Trainee: 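Got a structure for you, questions after.
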Amino acid sequence: MGETPNPKVFRPEVLRALLDEMQFWNPILEEHSCLIRSSLDWTEDQAFDEAQQYSAFYRKLVNGIRHTTPNANPQFNTVLFRRSNNLAGGLREFLFELETGIRDCRIKATLPVEAIEHLRMELDYFHAKLNGSGGVSLLTRQNMEFLVSGSLRPRMLLEKLDSPENTVIIRGELLFWLKISTGHTAFLADRFRPREQLQFAQEVILFEESFDRLYRKIHQNPDQTVSEADTRVAWELNQNWMNYLSELNRLLNSCQIPGRQTNYWPALGMHIYREQSYFQSVLQILIPGIQLTE
């Protein structure tokens with residue numbers, strides 16, 4: 001992983017926003033590395049070692065980020081930004097290798113290609129938010145198909161958007177998170193036991209269909225605007241999903257679900273809950289500004 005050029009000095013409010021993103025997403029990416037490592041066939045020594053290496057890299061980075069604050073030495077926080085950026089770039093290359101390897105059956109794993117693509121989308125989202133914050137202007141990532149041509153900005157800076165920016169930002173955030181939420185529900189629905197846990201699979205599929213239906217509605221909107229009603233529907237839907245997931249996680253952690261355990265780890269359920277909480281925090285910021293776009 002090569003070093004990127006030293007970024008310019010960030011304004012204090014931008015640095016605080018970047019630190020917020022790094023403190024949330026780097027632990028998520030550490031867990032992604034652990035998930036990949038645990039999914040690989042035991043004969044996949046090279047891929048296993050690389051996943052293990054990224055897990056160790058992220059653990060070290062997370063420890064450093066956990067012990068810093070927005071008021072810490074700006075130069076130290078800038079170093080953490082550069083390390084986060086470099087590590088995300090390297091992990092992205094590894095995920096592409098996994099995607100092609102699993103698709104071509106050169107790498108054997110229990111995670112399907114779609115799951116690896118899902119992890120890469122989340123990584124791209126974080127990576128784009130980091131790299132879109134070097135100045136006032138927004139970053140547009142046209143190669144991020146799940147955002148179409150959406151722009152990204154750290155969530156702590158969303159409240160400072162001007163009216164012309166709102167349409168693109170709201171649409172981009174909603175498209176990304178509705179796509180991710182659809183992936184979360186689809187992944188979990190496939191991992192309930194087919195007999196004693198069928199009810200849970202059916203309930204989760206209903207959430208999957210709701211997230212996907214709203215995604216398609218917004219994606220197909222030709223004028224690029226998002227109504228306040230659709231954004232509030234997203235907020236209510238995500239809150240209901242979080243409530244359901246919270247109870248499901250409680251049952252799993254206490255072994256009270258029929259069959260006692262599912263075919264995924266309880267830690268994965270908590271991981272997904274944290275990501276949905278991030279989505280909810282973004283929606284809570286965006287909803288007051290929706291009227292500016294209508």
Side-chain angles (χ1 to χ4, degrees), residues 23-42 44 47-48 50-52 54-59 62 88 91 94-95 98-99 102 107-126 146 176-194 196-208 211-212 237-281:
Q23 287 178 330
F24 178 82
W25 283 105
N26 282 312
I28 291 291
L29 297 176
E30 178 189 358
E31 292 172 7
H32 286 180
S33 302
C34 294
L35 175 63
I36 292 168
R37 180 191 61 193
S38 301
S39 74
L40 292 164
D41 188 272
W42 63 62
E44 299 292 348
F48 181 92
E50 191 162 358
Q52 176 72 8
Y54 276 108
S55 176
F57 285 155
Y58 271 107
R59 187 173 303 113
V62 167
L91 181 59
F94 177 50
L95 291 176
L98 283 176
E99 280 185 47
I102 294 173
I107 296 177
K108 295 178 285 295
T110 57
L111 280 180
V113 170
E114 293 79 11
I116 302 298
E117 291 174 341
H118 176 100
L119 301 184
R120 178 176 54 80
M121 286 194 297
E122 292 184 358
L123 175 62
D124 280 351
Y125 177 83
F126 169 55
F146 46 89
F176 173 79
W177 280 107
L178 290 171
K179 184 78 167 180
I180 290 298
S181 300
T182 301
H184 286 164
T185 48
F187 186 83
L188 293 190
D190 286 343
R191 277 154 185 79
F192 290 102
R193 297 181 180 180
E196 64 265 52
Q197 295 168 0
L198 178 60
Q199 175 186 345
F200 293 92
Q202 293 172 335
E203 291 169 350
V204 172
I205 286 172
L206 291 178
F207 282 106
E208 176 191 353
F211 279 119
D212 184 60
L237 173 59
N238 191 51
Q239 187 61 58
N240 289 337
W241 168 234
M242 288 174 60
N243 293 342
Y244 181 88
L245 193 56
S246 178
E247 176 62 12
L248 179 61
N249 288 338
R250 185 190 70 79
L251 293 174
L252 282 173
N253 278 288
S254 59
C255 284
Q256 295 185 57
I257 193 171
R260 301 181 68 82
Q261 297 188 34
T262 59
N263 293 319
Y264 67 88
W265 303 283
L268 181 59
M270 294 304 301
H271 173 98
I272 291 174
Y273 182 88
R274 285 159 51 212
E275 292 187 1
Q276 301 295 157
S277 296
Y278 182 102
F279 179 26
Q280 201 71 340
S281 73

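Remember, it's a predicted structure, so these values are computed and weren't measured experimentally.
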Trainee: Before accepting this row, confirm whether a basic side-chain N of the pair Glu247/Arg250 lies closer than 4.0 Å to the acidic partner's carboxylate O.
Mentor: yes
Trainee: Got a second to check how far Leu29's CG is from Leu91's CG, nearest 0.5 Å?
Mentor: 6.0 Å
Trainee: For the CG atom of Leu40 and the CG atom of Leu98, what is their distance to the nearest 0.5 Å?
Mentor: 6.5 Å
Trainee: For a side-chain hydrogen bond (donor to acceptor under 3.5 Å, both in side chains) check, start with the C-alpha distance between His118 and Glu122, then their side-chain angles and the critical distance, and finish with the verdict.
Mentor: CA-CA 7 Å; His118 176 100; Glu122 292 184 358; 2.9 Å; yes
Trainee: Mind checking the CZ-CG spacing from Phe200 to Leu248? Nearest 0.5 Å is all I need.
Mentor: 6.5 Å
Trainee: My understanding is that only residues two or more places apart in sequence, or in another chain, count here; which of them pass side-chain contact (heavy atoms from CB on, under 4.5 Å) with Gln199?
Mentor: Glu203
Trainee: For Pro258, is there any backbone N or O sitting under 3.5 Å from a side-chain donor or acceptor partner on Gln197?
Mentor: yes
Trainee: Is the backbone of Gln261 close enough, under 3.5 Å, to the side chain of Arg193 for a donor and an acceptor to pair up by distance?
Mentor: yes
Trainee: How about Val204 and Leu245: do any of their side-chain heavy atoms sit closer than 4.5 Å?
Mentor: no
Trainee: Given 3.5 Å as the limit, does a donor-acceptor pair link the side chain of Asp212 with the main chain of Glu208, or not?
Mentor: no
Trainee: Search all heavy atoms of Ile102 against all heavy atoms of Ala109 and return the closest pair with its distance.
Mentor: CD1-CB, 4.1 Å
Trainee: Does one side chain, of His271 or Glu275, offer a donor that lies under 3.5 Å from an acceptor on the other?
Mentor: yes
Trainee: Does some side-chain heavy atom of Glu30 sit less than 4.5 Å from a side-chain heavy atom of Asn26?
Mentor: no
Trainee: Could you check whether the rings of Tyr278 and Tyr125 sit parallel, tilted or perpendicular, using 30° and 60° as the cut-offs?
Mentor: perpendicular
Trainee: When you measure from the side chain of Ser246 to the backbone N and O of Met242, does any donor-acceptor pair fall under 3.5 Å?
Mentor: no
Trainee: About how many Å separate CD of Glu31 and CZ of Arg37, when rounded to the nearest 0.5 Å?
Mentor: 11.5 Å
Trainee: Looking at every non-hydrogen atom in both residues, tell me the closest pair between Pro27 and Val62 and how far apart they are.
Mentor: N-CG2, 3.7 Å
Trainee: Distance from Tyr264 atom OH to Asp190 atom CG, nearest 0.5 Å?
Mentor: 12.0 Å
Trainee: So, do Leu268 and Phe187 sit near enough that their side-chain heavy atoms are less than 4.5 Å apart?
Mentor: yes
Trainee: Look only at the side chain of Ser55 and the backbone of Ala51, and say whether a donor-acceptor pair between them is shorter than 3.5 Å.
Mentor: no
Trainee: Hey, can you tell me if Phe279 and Trp177 have their rings parallel, tilted or perpendicular (30° and 60° cut-offs)?
Mentor: parallel
Trainee: Side chains of Leu123 and Trp25: does their closest heavy-atom pair fall under 4.5 Å?
Mentor: no
Trainee: Should the pair Tyr54 and Phe94 be assigned to parallel (<30°), tilted (30 to 60°) or perpendicular (>60°) ring geometry?
Mentor: parallel
Trainee: Donor-acceptor check, side chain of Ser38 to backbone of Leu35, threshold 3.5 angstrom: yes or no?
Mentor: no
Trainee: Output yes when a side-chain donor or acceptor of Asn238 lies under 3.5 Å from a complementary backbone atom of Gln276, and no otherwise.
Mentor: yes
Trainee: Taking everything shown except Gln239 itself, do over 12 heavy atoms lie less than 6.0 Å from its CD?
Mentor: yes
Trainee: Indicate the atoms forming the closest heavy-atom contact of Glu44 with Ile107, along with that distance.
Mentor: OE2-CA, 3.5 Å
Trainee: What's the separation between atom OG in Ser33 and atom CG in Leu95, rounded to the nearest 0.5 Å?
Mentor: 8.0 Å
Trainee: Could you tell me which non-hydrogen atom of Ala189 sits nearest to which non-hydrogen atom of Ala201, and how far apart they are?
Mentor: O-CB, 3.7 Å
